[in-house]
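The structure appears right after this line, and notes come after that.
None of the values given here were measured: they were computed from a predicted structure.
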Amino acid sequence: MKSLSFTRHRFPADVIRHAVWLYFRFSLSLRDVEELLARRGIEVSYETIRCWTRKFVPQIVRRLKKRRSPPTGGWHLDEMACWIGGRRMYLWRAVDDEGEVLDLVVQRRRDNEAALKLLGPLLRNQPVEPERITTDGLASYGSAMRELGLKHLHRPGRLRENNRVENAHLPIRRRERQQQGFKSQASAQKFLITHAAIYNTFNLQRHLISRPTIRRFRAEANAAWAAATA
């Protein structure tokens, strides 16, 4: 795999990697990252950090996705309303039983066509076949499932069982508030795809595992990040 090139940059590669990691790993603004770096004696503007995210993140995301283990066969689908550029839009997301974000798409509607735009790429791009697909009671899911021949896997209207994806919306809500909303549909899609890849890498489920296991998982996540940004 081709290495990331940090040549002709004023700052060392480790500083660039750390700034990008801080911005996407935590609910921080670009100015927050600038302030944290300044606390360590690194004077860099938030606009420079923005340029780093735009330049390096697409390749980092591709590398992180290649290193991920296959998801489970239990998929949960849901859509959440959000305001983007002053317009009400919907973020359609799919996660597995472990909270792994499988795919997402930002759309203006909640109809059958919108459901197909999530399900079509989702089925093509995952290395495993779904064993069950849990959704809320939105009729668009049912019609899309019938069209794709997945009616036998569909489990609609199971709100308690769909808490997995409902809880997975929370980090997005925090980022939405921090950034005071997304500015455009395209920028929201790009940011959220990146956020999902990094969230998957560092999502340790700390409340469910022991401290030694947390340390091992955290070391593995840091190793994956180091390899993706090498």
Side-chain angles (χ1 to χ4, degrees), residues 1-7 9 11-30 32-33 36-37 40 42 44 49-76 91 93-105 121-122 124-130 164-165 167-172 174-175 178 188-230:
M1 185 180 295
K2 185 179 179 181
S3 300
L4 292 178
S5 176
F6 297 98
T7 58
H9 283 271
F11 292 90
D14 286 344
V15 171
I16 298 174
R17 293 189 191 102
H18 189 63
V20 172
W21 178 77
L22 283 173
Y23 180 60
F24 286 101
R25 177 67 182 92
F26 304 103
S27 298
L28 299 173
S29 68
L30 293 168
D32 290 334
V33 177
L36 288 171
L37 294 178
R40 296 191 173 193
I42 303 171
V44 54
I49 299 170
R50 188 197 308 276
C51 291
W52 291 344
T53 63
R54 290 176 177 175
K55 179 175 181 179
F56 296 110
V57 157
Q59 191 172 346
I60 293 173
V61 168
R62 288 193 295 270
R63 289 168 160 226
L64 288 175
K65 287 182 176 180
K66 288 182 178 179
R67 298 181 62 89
R68 296 303 297 164
S69 301
T72 67
W75 296 359
H76 302 258
L91 171 61
R93 301 173 74 242
V95 305
D96 71 358
D97 287 331
E98 302 296 330
E100 179 98 356
V101 181
L102 305 178
D103 205 354
L104 59 88
V105 59
L122 177 64
R124 290 194 301 269
N125 296 333
Q126 297 305 315
V128 299
E129 295 292 329
R164 173 63 68 186
V165 69
N167 292 335
H169 290 325
L170 297 179
I172 303 300
R174 288 195 291 269
R175 291 311 301 246
Q178 176 66 38
Q189 179 77 31
K190 184 177 180 180
F191 175 86
L192 293 171
I193 287 290
T194 302
H195 181 272
I198 297 176
Y199 174 83
N200 287 344
T201 301
F202 292 95
N203 180 27
L204 304 181
Q205 300 289 328
R206 288 176 291 181
H207 62 295
L208 299 176
I209 54 181
S210 65
R211 293 304 304 179
T213 304
I214 289 175
R215 287 193 291 271
R216 178 167 63 85
F217 284 177
R218 184 172 288 145
E220 291 173 354
N222 289 332
W225 175 260
T229 58

For a quick test of reading the model, state the closest non-hydrogen atom pair linking [X] to [Y] and the distance between them.
| X | Y | answer |
| --- | --- | --- |
| Ala228 | Leu4 | O-CD1, 3.8 Å |
| Thr229 | Phe6 | O-CE1, 3.7 Å |
| Ala224 | Leu64 | O-CD2, 3.9 Å |
| Pro71 | Gln126 | CG-OE1, 3.5 Å |
| Arg63 | Ala227 | NH1-O, 3.0 Å |

Would you say the side chain of [Y] lies within less than 4.5 Å of the side chain of [X], judging by non-hydrogen atoms?
| X | Y | result |
| --- | --- | --- |
| Trp75 | Leu122 | yes |
| Phe191 | His195 | yes |
| Phe202 | Asn222 | yes |
| Val61 | Lys190 | no |
| Leu192 | Arg93 | no |
| Trp52 | Val15 | yes |

Could you give the distance from [atom1] ([X]) to [atom2] ([Y]), rounded to the nearest 0.5 Å?
| X | Y | atom1 | atom2 | value |
| --- | --- | --- | --- | --- |
| Cys51 | Leu30 | SG | CG | 10.0 Å |
| Leu102 | Thr72 | CG | OG1 | 7.5 Å |
| Ile198 | Arg25 | CD1 | CZ | 9.5 Å |

**Message:** Using a 3.5 Å distance criterion without hydrogens, assess whether the side chain of Asn200 forms a donor-acceptor pair with backbone atoms of Val101.
**Reply:**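 Yes: the side chain of Asn200 pairs with the backbone of Val101.
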**Under 3.5 Å donor-acceptor, Glu220 side chain and Thr201 backbone** =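 Checking the backbone N and O of Thr201 against the side chain of Glu220, no donor-acceptor pair under 3.5 Å is found.
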**Asked** Does the side chain to side chain contact (heavy atoms under 4.5 Å, CB included) test come out yes or no for Ile49 and Val44, once each step is laid out?
**Response** CA-CA 7 Å; Ile49 299 170; Val44 54; 4.3 Å; yes
**Asked** Do Arg175 and Tyr23 meet the cation-pi criteria used here (NZ or CZ under 6.0 Å from the six-membered ring centre, within 45° of the axis)?
**Response**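 Cation-pi check for Arg175 and Tyr23: passes.
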**Asked** Between Phe24 and Tyr199, does the ring centroid distance fall short of 6.0 Å?
**Response**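 Between Phe24 and Tyr199, the centre distance exceeds or equals 6.0 Å.
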**Contacts of Leu22 that satisfy side-chain contact (heavy atoms from CB on, under 4.5 Å) - sequence neighbours left out** =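 Leu22: side-chain contact (heavy atoms from CB on, under 4.5 Å) contacts with His18, Phe26, Leu28, Val33, Leu36.
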**Message:** Restricting to side-chain contact (heavy atoms from CB on, under 4.5 Å), what partner residues turn up for Pro58, sequence neighbours left out?
**Reply:**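 For Pro58, the residues satisfying side-chain contact (heavy atoms from CB on, under 4.5 Å) (neighbours in sequence not counted) are Arg62.
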**Prompt:** Step by step, would you call Leu104 with Ile172 a side chain to side chain contact (heavy atoms under 4.5 Å, CB included)?
**Reply:** CA-CA 12 Å; Leu104 59 88; Ile172 303 300; 5.9 Å; no
**Request:** Please report the C-alpha distance between Asp97 and His76 in whole Å, then the side-chain angles of each, then the deciding distance to 0.1 Å, and finally whether the side chain to side chain contact (heavy atoms under 4.5 Å, CB included) criterion is met.
**Result:** CA-CA 7 Å; Asp97 287 331; His76 302 258; 2.8 Å; yes
